[in-house]
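Atoms considered below: every heavy atom in the structure, side chains included; atoms not considered: hydrogens, waters and symmetry mates. Each chain gets a letter, A, B and so on, in the order the sequences are listed, and its residues count up from 1.
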Number of protein chains: 2
Amino acid sequence: MKKIDIFKKLRSSGLRPTKQRVEIAKFLFERDKTFHFTIESLDKFLAKKTTFKFALATIYNTVHAFKKAGHLSEVDVRGKKTYFDTNITNHHHFYDNETSELIDIDASEVVIQKIPKAPNGKKIKNIEVFINLKN
Amino acid sequence: MKKIDIFKKLRSSGLRPTKQRVEIAKFLFERDKTFHFTIESLDKFLAKKTTFKFALATIYNTVHAFKKAGHLSEVDVRGKKTYFDTNITNHHHFYDNETSELIDIDASEVVIQKIPKAPNGKKIKNIEVFINLKN
DNA sequence: TTTTACTTTAGAATTATTATAAACTAGTTT
DNA sequence: AAACTAGTTTATAATAATTCTAAAGTAAAA
């Protein structure tokens, strides 16, 4: 993804392309594979990669802005920290408890044959399959 | 579940049947349906139901002791609070985002036809299906 | 009944996250 | 290009959930 695309992505989401947002967006979206992270890990990655500093609050703000704009999704993982995912398509996850690592599973790789119907008055919003791994 | 069973349950898990643990165990396990709760909600329920006080730390300790002993399971729910479940069988959940409520789905009600194989060196520990609900 | 090891408790500490308010900056207007 | 305006970053404070700590209490063993 080119710089100009980053700018477009931000603009189209009503986000001003500030120095920090561009840097975070480049780090998150200029890659081939999907990327999973927590705010803490993102902060560390950015500290290594770039010269200028990011306030933690800025990282929180920016990541949530991206999430709100639909550029990131949030993943349900047991634990205290919130995990984010650059893969915003409908998909599932492996979770490796030993390494606390998430691995994407393409939606086509999981076929569900039978599912209960939603309780009265409710509809199914989405189905998440979470496969816990062990060694 | 009778009081004597509660005692046995605690004993067999290496837990001394103290006043607090017995009271919490009775509240959690003397019921027909499975029960979902957070520490905060359990604290409120106990405050209503019983006369003596429970330190929050005791509730945390006791719930974690029950979990460690296999009497409770923890549920992956996005958000800050940790959810627990008195249903320790292999099963799935509906999650109602409007009410923050969990509803059990029996394992037999979900049939998965296709699943990817675990990454090299890893094995599948368990599969959790999480169905998000909307109105 | 004395002892010992485990528990409870209140409060402090920690961790993740969100709020705040001042300083700053991008984009627009002049 | 200078001035303006609205959105942004920052450091720090506040909040929320959870864990830690050390003293006081209690169950079970001796």
Side-chain angles (χ1 to χ4, degrees), chain A residues 3-4 6-27 36-47 50-69 71-72 74-84 100, chain B residues 3-4 6-27 36-47 50-69 71-72 74-84 100:
Chain A
K3 192 164 189 176
I4 203 154
I6 295 282
F7 271 65
K8 272 185 193 163
K9 187 169 221 168
L10 293 173
R11 273 279 149 60
S12 67
S13 320
L15 298 174
R16 279 191 190 171
T18 61
K19 191 172 65 164
Q20 288 80 353
R21 284 180 183 159
V22 169
E23 207 59 34
I24 294 175
K26 280 169 72 183
F27 181 75
H36 299 100
F37 63 96
T38 63
I39 299 291
E40 190 197 13
S41 70
L42 179 56
D43 183 42
K44 281 181 188 164
F45 283 128
L46 289 171
T50 63
T51 53
F52 56 93
K53 276 201 168 182
F54 293 81
L56 248 193
T58 300
I59 301 179
Y60 274 99
N61 287 342
T62 303
V63 166
H64 281 114
F66 284 154
K67 190 197 152 193
K68 200 174 174 187
H71 299 315
L72 289 175
E74 202 178 320
V75 186
D76 292 328
V77 181
R78 169 160 42 233
K80 286 171 222 157
K81 287 177 198 159
T82 303
Y83 281 72
F84 295 91
S100 300
Chain B
K3 193 165 189 177
I4 202 155
I6 294 282
F7 271 66
K8 274 186 193 165
K9 186 169 222 166
L10 293 173
R11 274 280 148 61
S12 68
S13 321
L15 299 174
R16 278 190 190 170
T18 61
K19 190 172 68 165
Q20 288 82 351
R21 286 180 180 157
V22 169
E23 207 57 34
I24 294 175
K26 280 167 72 181
F27 182 75
H36 298 101
F37 63 95
T38 64
I39 299 291
E40 190 196 13
S41 72
L42 179 56
D43 183 42
K44 282 181 187 162
F45 282 127
L46 289 171
T50 64
T51 53
F52 56 94
K53 275 200 170 185
F54 293 80
L56 248 194
T58 300
I59 300 179
Y60 274 98
N61 288 342
T62 304
V63 166
H64 281 115
F66 284 153
K67 189 197 151 193
K68 199 173 172 187
H71 299 314
L72 290 174
E74 202 177 322
V75 186
D76 292 328
V77 181
R78 171 161 40 232
K80 287 172 223 157
K81 286 177 199 161
T82 304
Y83 281 72
F84 295 90
S100 301

Exercise. How is Thr38(A) classified with respect to the nucleic acid when contacts are heavy atoms under 4.0 Å: base, sugar-phosphate, or nothing?
Worked result: nothing
For this session: Indicate, with a heavy-atom threshold strictly under 4.0 Å, whether Thr58(B) touches base, sugar-phosphate, or nothing.
Result: base
Problem set entry | Nucleotide of dA19(C), dA17(D), dG11(C) approaching Ala57(B) most closely (side-chain heavy atoms) | dG11(C)
Seminar exercise, completed: In this structure, CD1 of Ile6(A) is separated from CD of Glu23(A) (nearest 0.5 Å) by 9.5 Å
For this session: Under 4.0 Å between any heavy atoms, over every strand shown, what does Lys53(B) touch: base, sugar-phosphate, or nothing? Just pick one.
Result: sugar-phosphate
Exercise. Under 4.0 Å between a side-chain N or O of Gln20(B) and OP1 or OP2 of dT9(C)?
Worked result: yes
Problem set entry | Length of the OH-C1' vector between Tyr83(A) and dA16(C), whole Å | 13 Å
Problem set entry | Under 3.5 Å: donor-acceptor pair, side chain of Thr50(A), backbone of Ala47(A) | no
Exercise. Which whole-number value in Å describes the distance from Asp43(A) CG to dT9(D) P?
Worked result: 15 Å
For this session: Can you tell me the distance, in whole Å, between the CG atom of Leu15(B) and the P atom of dT26(D)?
Result: 19 Å
Exercise. Taking for each residue the nucleotide of DNA chain D bearing the nearest heavy atom, is the 5' side occupied by His64(B) or by Pro17(B)?
Worked result: His64(B)
Exercise. Taking for each residue the nucleotide of DNA chain D with the nearest heavy atom, is it Tyr60(B) or Arg21(A) whose nucleotide lies nearer the 5' end?
Worked result: Arg21(A)
Exercise. Are Lys67(A) and Phe84(A) in a cation-pi setup, meaning NZ or CZ lies under 6.0 angstrom from the ring centre and within 45 degrees of the ring axis?
Worked result: no
Exercise. Does dA16(C) have OP1 or OP2 sitting under 4.0 Å from an N or O in the side chain of Lys80(A)?
Worked result: no
Exercise. What is the distance from atom CD1 of Ile24(B) to atom OG1 of Thr62(B), rounded to the nearest 0.5 Å?
Worked result: 4.0 Å
Problem set entry | Closest-nucleotide ordering on DNA chain C, the 5'-leading residue of Phe52(B) and Thr82(A) | Phe52(B)
Exercise. Think Thr18(B) has a side-chain N or O under 4.0 angstrom from the OP1 or OP2 of dC6(C)?
Worked result: no
Exercise. dT15(C) P sits how many Å from Leu56(A) CG, rounded?
Worked result: 14 Å
For this session: Take the protein atom CZ of Phe37(B) and the nucleotide atom P of dT18(D), then report the distance between them rounded to whole Å.
Result: 11 Å
Exercise. When you measure from the side chain of Ser41(B) to the backbone N and O of Phe37(B), does any donor-acceptor pair fall under 3.5 Å?
Worked result: no
Exercise. Side-chain N or O of Arg16(A) less than 4.0 angstrom from OP1 or OP2 on dT25(C)?
Worked result: no
Seminar exercise, completed: Atom CD of Glu40(A) and atom C1' of dT15(C) are separated, to the nearest Å, by 9 Å
Exercise. In whole angstrom, what separates Ile59(B)'s CD1 from dC20(D)'s P?
Worked result: 18 Å
For this session: Nearest whole angstrom, please: distance from the C1' of dA16(D) to the CD1 of Ile39(B).
Result: 14 Å
